[in-house]
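Report on the following structure.
What you see below is based on every heavy atom in this structure, not just the backbone, and it leaves out hydrogens, waters and symmetry mates. Just so it is clear, the model here is predicted, and its values are computed rather than measured.
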Amino acid sequence: QVQLVESGGGLVQPGGSLRLSCAASGSIFSIRAMGWYRQAPGKLRELVARITDGARITYADSVKGRFTISRDNANNTVYLQMNSLKPEDTAVYYCNEPRTNSWGQGTQVTVSS
C-alpha cells in the first residue's frame with residue numbers, strides 16, 4: 001500500500017499562485033505514475049495532471065499553460081505548481097497513485113477575492 005499526504009492548499013486571490021505537495025510513503029518502490037485530481041462542490045472528481053516515471057505529462061485542458069506537475073523521486077514527492085489561479089479552480093485537490101488506487105486526504109484550494 002502507498003500512503004499519500006497532500007499539503008499547500010489555502011485561500012488565494014484570482015491571479016495568484018499556490019504550490020501543492022504530495023509526499024508518498026509505504027510501498028513506494030513500485031510507484032510509476034502519479035496524478036493530481038480535484039473535486040469542486042456538486043461536481044465529479046476530475047483529473048488535473050498526471051506524470052509517469054518517464055516524465056510523460058498530461059494536463060486537463062482547463063489548466064494547460066497555468067499548472068505544472070513535477071516529481072522529486074529522491075524525496076518521493078510530487079508537486080503541482082498552480083499559477084494564474086481562477087475562481088473556477090476552487091476545489092479539494094487530491095493526490096493519486098493509480099497502480100494501487102491510493103488517495104491522499106485532500107487539500108482545499110479556494111480562489112476568491
Side-chain angles (χ1 to χ4, degrees):
Q1 188 66 307
V2 174
Q3 292 78 48
L4 303 172
V5 178
E6 302 98 336
S7 61
L11 173 63
V12 64
Q13 292 186 344
S17 298
L18 284 174
R19 188 175 82 153
L20 306 183
S21 300
C22 172
S25 60
S27 300
I28 57 177
F29 64 92
S30 59
I31 290 178
R32 297 294 180 262
M34 292 289 292
W36 284 98
Y37 287 72
R38 67 186 180 187
Q39 187 166 18
K43 295 188 176 181
L44 297 175
R45 191 171 297 188
E46 63 176 358
L47 175 68
V48 175
R50 179 189 295 123
I51 185 169
T52 69
D53 56 344
R56 186 168 57 196
I57 293 173
T58 302
Y59 293 105
D61 288 343
S62 58
V63 307
K64 283 181 181 177
R66 301 187 298 121
F67 290 11
T68 303
I69 188 171
S70 61
R71 62 191 297 168
D72 179 347
N73 291 328
N75 292 304
N76 305 311
T77 302
V78 177
Y79 302 97
L80 185 68
Q81 177 68 43
M82 306 185 295
N83 298 327
S84 302
L85 282 161
K86 304 176 181 180
E88 50 264 44
D89 295 317
T90 295
V92 179
Y93 284 70
Y94 298 90
C95 184
N96 170 256
E97 196 284 313
R99 188 190 65 84
T100 60
N101 197 29
S102 298
W103 295 88
Q105 82 287 353
T107 185
Q108 175 71 47
V109 172
T110 302
V111 184
S112 175
S113 54

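Cluster annotation: Tyr37 and Tyr79 are assigned to distinct hydrophobic clusters (Ile/Leu/Val/Met/Phe/Trp/Tyr, side-chain heavy-atom contacts under 4.5 Å, transitive). In the hydrophobic clustering of this structure, Leu18 groups with Val48; members are Ile, Leu, Val, Met, Phe, Trp, Tyr whose side-chain heavy atoms approach within less than 4.5 Å, directly or through other members. Both Val78 and Tyr59 are assigned to one and the same hydrophobic cluster, defined by single-linkage of ILVMFWY side chains at heavy-atom distances under 4.5 Å. Both Met82 and Ile57 are part of a single hydrophobic cluster, where members link through side-chain heavy atoms under 4.5 Å apart.
Looking at heavy atoms from C-beta onward, Thr52 lies out of side-chain contact with Arg32 at the 4.5 angstrom threshold. Contact check for Cys95 versus Trp36: side-chain heavy atoms found under the 4.5 Å cut-off. You'll find the side chain of Asp72 stays beyond 4.5 Å of the side chain of Ser70, heavy atoms only. At least one side-chain heavy atom of Met34 sits under 4.5 Å from a side-chain heavy atom of Leu4. The shortest distance between side-chain heavy atoms of Glu6 and Leu20 does not fall below 4.5 Å.
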Q: Starting from the C-alpha separation in whole Å, work towards a yes-or-no answer on side chain to side chain contact (heavy atoms under 4.5 Å, CB included) for Arg71 and Asp53.
A: CA-CA 9 Å; Arg71 62 191 297 168; Asp53 56 344; 4.2 Å; yes

(Q) The test is side chain to side chain contact (heavy atoms under 4.5 Å, CB included); show your working for Leu11 and Ser112 and say whether it passes. (A) CA-CA 7 Å; Leu11 173 63; Ser112 175; 4.2 Å; yes

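Contact detail for Ala49 and Leu80: the closest heavy-atom pair is CB-CD1, 4.2 Å. Contact record, Thr107 with Ser7: OG1-C, 4.3 Å, taken as the closest heavy-atom pair. Of all the heavy atoms in Tyr94 and Gln105, the pair that sits closest is CE2-O, 3.6 Å.
Ring-plane geometry between Tyr93 and Phe67 is classed as tilted, the angle between the planes lying from 30 to 60 degrees on a 0 to 90 degree scale.
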Which atom pairs, donor and acceptor, lie under 3.5 Å between side-chain atoms of residues 85-92 and protein residues at least two apart or in another chain?
residue, atom, partner, partner atom, Å
Asp89, OD1, Arg38, NH1, 2.9
Asp89, OD1, Arg66, NH2, 3.0
Asp89, OD2, Arg66, NH1, 2.8
Asp89, OD2, Arg66, NH2, 3.4
Asp89, OD2, Lys86, N, 2.8
Thr90, OG1, Pro87, O, 2.9
Thr90, OG1, Val111, N, 2.9

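Each of Glu97, Gln3, Gln1 was compared with Ser102 under the side chain to side chain donor-acceptor pair (under 3.5 Å) criterion, and only Gln1 meets it.
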